[in-house]
Structure formats: C-alpha cells, structure tokens
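These notes are about the structure you will find just below.
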Amino acid sequence: MVKQQYTILVVDDEENIRWLYKEELEEEGYSIVAAASGEEALQMVSKSKPDLVVMDIKMPGISGVDALIKIKEIDKNIPVILCSAYGDYKQDFTTWASDAYVVKAASLDELKKAIREVLEKRYTGK
Amino acid sequence: MDSRQKYEILTKIVEISSSSSQINERLMQAAHFLCVKDLAPTIAFYLLQRRNRHLTLRIAADSGGSLQLPAPPYSYKLPLPDDPLCKPLNTLLPNPLDPEILPPNDLFRSLRPHGWSLPLADETQAYGAMLLLSPTPFEIDNDTIRFLLVICRQITLALRSSILKNRDQQKVRRLKFLHQIGAQLNASEDVQSVFSQLPNSTLTFFSNSASILNIFASDQSQARSIDQSFSDTKQRELVLQVSRLQADRAKFISHPLVIDKNSSLPSTTIYRQFFNQFCAHIILPLYSQERMVGTLEFFLDNKPKSRDLLPFGKEDLELLEILAVHLAATLERTRTQNQLAIANRASLLRTRQLTLSHQMKNALLAADTPEKIIRLTLGALVSDVGFTCSPALYMEFQEKEDAWRGLFYATAPESTPTDPDNLKESDHLKALTNHLLEATTQKELAKFRLPNFDLAPRRFQQAVNGKKPTLIPAEFVTVLHSRLKTLLPGQKIVIIPIYIQEHLKGLLLANADHVDSQDLAYITLFTDAASLALDNTELYQRLQSSLATLNSAQLRLAQSEKLVALGEMATNMAHEIKNPLVSIAGFARRLHKKIPDQSREKTYSQIITKEIERLEEIVNNVLSFSRPESNKFEPCDLNQLIDETIALFARELKNRKISLNVQLTPKMAALECDGNQLKQVLVNLINNSIQAISGSPDNNHQISVRTSCYCDLKKRQEKALIEIEDNGSGIQEQVLHDIFNPFFTTKHDGTGLGLPICHRIILNHQGNIRIHNREGEGVLVSVSLPFKHNEPPKPIV
C-alpha cells in the first residue's frame, strides 16, 4: 500500500527553523510548505488546505495562539501542533484548541512522534 | 536675885540664843538653864505654828518633875485672845495663870498649874510664849518679871533670826526645786516620769502629799490619770472619790482651787472621811497656750513630817502654780512631739511603701515573662521589707488535669542581715531586690495538686471569685489539702486571685498573720499592678509572635516577588536562546549524520552536538524554574528514595575515591512528598558535595547521608530530617548569604540555579533547608520535611 503523502505547513518566524523542519520532515516523507508569520499562514491555509500545521507561538504579528484560533475557524478539521520554547503553556493548550503541544528541542524526535500520532488519529481514525 | 546673878543668866542666855545650833536645841538649853537657875519648877516654850493658827508645845524643861506636860510637839488650835496663855501675844505683857479661872480653851484643864505666860514677840510679830509653871502658887516680883521679859526678848531675837534663816533656806530650796524640775521637764519626753519623781525632789512637801496628775484627752490620745504616794488602797480609793467629786468643777477652773476644812465644803460623808486624814485638797489647772491640758491635784496629809512647805501660804501656792505651768508646757510639748513623731513615722512608712511600690512597678514593667512577674510578686509578698506575708504559694489551673497545680513557693529569708528599720534607703532596696531573686520554686511543689474548687468551702470560693485580695481564717484553705497546713502555717491567709482580662489565671495564697485592712488595700494596689503587668506580657508575647509571623511572611513575599521577576526574565531568555539553539542543534545533527564515521569531522560534530545538548539543559533548567510545578504529593519511603539517588552516583563516587557513609533511620513513617522533585533536590545536593570535595586537596574525602525523625514542638509536627555532610572546602563566608539567590554560582560551569530550585522544592513541601557551613572544613546541609502537610500545598511562583 502506497503511503499517502501528507502536506504539512510549518509556521515560524525563524528562517533557519523553517529550513530545518523542512529538511527533517521531508526526510520523513512529508510534503512541506512554510510560512514566516501568522498572517501568511492564514492565507496559505485558506488557499490550499494543508493536512497539518506546525506552528510557533511567539511570532511578530499575530501570535501562534491567535493564528491557531483563526485556522480552526477556517477549517476545524485541520490539525494544529503548537511548537514553542515555552514549557509552561503546555497544559493550557493541549487540553484546549491545539491537537498537540511540543516543546521546542534540539532533537526533533518528539515533534516527529507528535506529527505521526496526530496524523494517524486524524486520518486513519485509529 | 541679885544683879550679878541676873548678869550671869543674861550672859548665858545671850550665849545660848546666838549659838549656831538648831533653834530647838537652843530653846531646850535655855529652858534647862532657866530651870536650873530656879526661875520656875517648869519652863515651857509654846510656839505659834501652821501659819499662826496653832500654838504648839515645843520645849518643856522640868526641875521637880511634878508637872506632867504632854510630850512635845503637842499642838493646840490657837486659843481665843483672852486665854491667859495667849493673852501676852497680843498685849506683849506678862500674864499670870490662875488655876481657879477657867478660860474657854484652857490648855491645862487637867494640870491646872500656877504660873506666868510671857510673850515671845517683837513689834512686828508674835512667835509664841514662854511659860513659867508650878503646881503650887507661884509668886514673882516685878524686877524678875522685867528681867524675864529681857530674856524673852533675847529668845525672840533668836527665834526671829532662825525663822528668817529658815525662810531663806526655803526660798533657796524652792529655787533649787524649780530649777531641778524645770531641767527635768525640759529634758524629759514624758511628763509622767517627771511626775513620778516629784516625791524624790528637794521639797519634802511632795513626799508628804498624795497627788494625781490628770491629762485631758487631746485629739488622738485618751484621758489619763496617774496617782501616787498613797499609803494604802483604802486611802487611795477615798482620794479618788474626792477627786471624782471635784472632776467636773476642775475642768473649768482658771486658778488653783484649794479646799480645806475652812472652805465652804460640800457636807458629804466622803469629805468628812477625807478630812479625818487630810487637811487640804488642792487642784491646779494645767494651762498651755490658753488651753487646759490637765489638772494636778494634791492631797495634803494632816500630819506633815516636814515643815519646809506648809499649805495655803501664798508663796507655796505660787510655787505650785509655777510647777503647774511647767508641767502644762511640758505636756503640750511632749504631745506635739508625739504627734510630730507619729507624723514622721507615718511619712517614713509611706515613703517606704511608695519606694517599694515604685520599685516593684519598675521591676514589673521590666519583667518580660509571666514567670518573672509571679516571682517578683511572691518575693515582695514574703519579704520583711514588703508585706511580711511569708510563706506564699502560687497556683495555676491546669485544664488538662482539671486541677490546680502549685508553681511557685517562697518564704522570707531566715534572718535579715540588719534591722530593716535601720537600713539606709539604698540598702533597703538592695535587700529587697536580692530577696526577690531568691524567691524560688520548690522542687517538691511539682507534685502538689489541688482538685478544682467545686467542693471547696464556700468562703474560699467566694474569696477566689471576689477578684480582690481577701483575708480568711486559715482553716478554710488548709482543709483543701493535707500539705497546705505545712506549706501555709498561721491563723490567717490572704487569697489573691490573679485575673487577666476577666479570666482567672492564678491564685496567690499567703500567710497573713501580720496583715491588717490597710495593708490589704496596699496589697490590692500592688497585685492589681502585677495583674496588669501579666496582662501586658501576654499581650507583648502575642504581639511578638505575630510580628515574627508577619516578618517571615513579608520575607517570603519579597522572595517570591523576586522569583516571579526572575522567572519572567528567564522565560524570555529561554525563548530567545532556544530558537537559535534548536536551529544549531538540528543542523549539527544533520551534519553529523552526513559525515562518514571514523573521520576527524565526525568527532568535531559530535562535540558540537554534545555541547549544544549541555546548553539546552541549562536553558531547560531555567525554564523549569519558571514553570509552575505540578506537585504530585504522595506517601514515599524516604530511605528508599535516598538509596535510589545514591545508586545514581555509585560510579562517580568510586571514580573520585569518595567514601560514602549512609546512616538511615529504619522504619520511618511514609513521607508525603513529590518523589521526583525530592530526588532532584538530593541529586543537586550530593552533586554540590562531590564538587566541593573535588576542589579540596585532602585525600580523605567523605560524604555522609543521614536520616532521622524529630518533633517540631512549635508547629507540633513530626518531621523527617535529611542531612548531607561533606568534608570539602566549605563555602566562603562572604558568599554564604547569596547561595539561595538564582544565577549566583561559584562554579565556572554552574547555572546558579541548583540550590534555588532545591530551596523552592523544599518550601513547596513545607520544609526547611539549612546550610551549616564550616569554612575550610566542609558543609552540612540539613533538610527538614513534615511527614504530613498541614494543609493542601500551594505552589509558590
């Protein structure tokens, strides 16, 4: 069975991070699009609906939290993973609007794991 | 009788009468001489006495012995002027005595002698009569009569000079007496003693008369009477009756009152009896500053032994008046002196009481614990210079036992070093202060218990509930407990309830044998002050403890505010650092994957990755510091936790040749804690110890880990104690106060967050962490944790 290629939108104001995520996640077999701000991300979501959004919180312009709400308003079925350096937001957001919360770390293993789990839950119905 | 004989006789009489011997002696010689010269068978001298009211046979010389005259002195009341014997006193002429003619007051009614009465008198005064007596008719010629008159004249001269001399002597005696009595009175503080010495004075008058000194009541003293010189109680009773009879009258006299047989006296039986024994009753008013202070009464004997002072004479009365003035002045003076002395004593006492009360007040104010106040109070109660209520006992009610417990017992010292009255003010205070310190607890008192007073005598209960010190007989108290009799001997006991804000705090029981109502008022004042002081100390202690709580709360608040600010800063920094870090780490990993194994570059990239991981750990530490803890408190086995932690270090300790000494108290209760957090603390602390030891040159490296249990009495909590000790280099004294501040570190690669995180975790556990530093010798860190938390723990941000 041919594995379905999911499109993931990466939102981060840091170019290096976007690049890193792109390279790492493409290696995992995902198709990656990137946005540098919350506004850009919203445009892209409404144009072409990605299968998943990985989004930073602290960004110039609208924050990741606000962008998350707006994305959910556009299509509540698009899963969003928040990925931030702040550990202390974790409890607030996991239980609320986002589908997962990952603390930014040097190792991307945790993020990759969260992406797998969310995608599986959302698209394979497991 | 020829002229030569006459000359001889006259010469002899002149010689006798002018000799220096006593007048009686001279009269006797003269009488005998005249008898011998055969002028008459019997020669007698009758002399006027008692202020010329009596004629007394003074001398009688008899050659034949045929006339039996009564033995001299023998007095007669002065006969009428026409009595043959007395007639010459008026006429100055010789008068023949005729036994046939019976005059009304015949002196010789039984003898009926013949003879002549010759006057002993000069132009101014009559002194008596010389009698020539014979049982048979007695003829005498005119020449002889004239000659005899000359002799009489001579004898008169002698009598006169003798009387004058006597008077002078009396005057001198009186002056002497006045001088003496004045001196005595001036020196005396007590009129009675002077009065009692009157019979011994130079004037024998006083020894011949009974006397009474009445001192009238002044404001403070009672009326008194002193009497003396009575021959027997019967006589005394009689005189006192007479005195009482005149008492009312005596109160209002302004001049001496003389009552004798001749005055118009009340014809009572008492006075009749009185005048059988006495001849006069003299009442002298004692006036001082126009105020009558008393009376002086004299009762003159009918037969005075001495003639040096005869009553009713103006001079004698004057003397008595002077005496009365002296006595009155002295009475007034002593009375004033007494009043002054009393006032002085009262003011001294008041001064002493004031000083004591002032000192006690100061001491009570200075006392900061209830115990000190109770001891001071007890000390003042029992002290000789305080209230002399020794011994005294203090009890307090113990609600747990539902009984009164004896707490303090004090007795006065066995002997005071000196008489307290003689102590100087400063010594006096010193003695008291010293004694106050000596008032001590009696060891055996600890066992002394009294049940509550529900069954106590009603009077006792009333005294306890009365709120004021009360005096009650000892038996109402001693009936409560058999030991009380030995603890509190005496007849009376003062019960002093100590109330604090309407609540009965304790009870003072003290011996009160020397306490009167005035003292009780003073004790009330004093114990009120003690109650107030007790109240103050309780308030003070409450204030102090709440102040301490406030201080620590403020400290904690400041600390948490600091931590919040730091947390915010740290969070921001973490975010800023972490983003580039993530990029660096990500690409480094990617690079690492691409580099062929066993190449130098692989090693380089490995180092980069590792170092970045270290960096990330530091950032994560900061983030964990700023993140609210999610505490999971559950019962843990502390010893097991420690064992697990130590196991993590096993290899490192071995490598560094550090010996580990573990002493765990077995079977400890489960500790309510977050195991992971506590482990983090232990890791941190052991890590610190290892690093401290590694820095010290000594080879004998050792770390000790101990656990134990103890009871925090203040918080009433069972607590676990973890001690981690090393023999490293210790902490430098100047950095000691910084070690709990975040970002402070002495290590070149430290974050300065290890101990602050430990501190926060322990505080979250309601525990304490303490550093006992011995610079250069090592550090002992002790962590105390309650086994059970008092209230649900709140996370501290």
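Chain letters run A, B, ... following the sequence lines, proteins first, then strands; residues in each count from 1.
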Worksheet entry | Side-chain donor/acceptor of Lys578(B) to backbone N/O of Lys104(A), under 3.5 Å |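 At least one qualifying donor-acceptor pair exists.
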Minimum heavy-atom distance [X]-[Y], with the two atoms named:
{"X": "Ser583(B)", "Y": "Asn16(A)", "value": "OG-CB, 3.5 Å"}
{"X": "Asn579(B)", "Y": "Ile17(A)", "value": "O-CD1, 3.4 Å"}
{"X": "Ser107(A)", "Y": "Arg589(B)", "value": "CB-NH2, 3.5 Å"}

Worksheet item: Are Arg590(B) and Glu27(A) close enough for a salt bridge, meaning some N to O gap below 4.0 Å?
Response: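 Counted as a salt bridge, because a side-chain N and a carboxylate O are separated by less than 4.0 Å.
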[X], [atom1]: over 12 other non-hydrogen atoms inside 6.0 angstrom:
{"X": "Glu15(A)", "atom1": "CD", "value": "no"}
{"X": "Lys602(B)", "atom1": "NZ", "value": "yes"}
{"X": "Lys112(A)", "atom1": "NZ", "value": "yes"}
{"X": "Glu23(A)", "atom1": "CD", "value": "yes"}

Worksheet item: So which part of Glu24(A) gets closer than 4.5 Å to some heavy atom of chain B, the side chain, the backbone, both or neither?
Response: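 Its backbone and side chain both get close to chain B.
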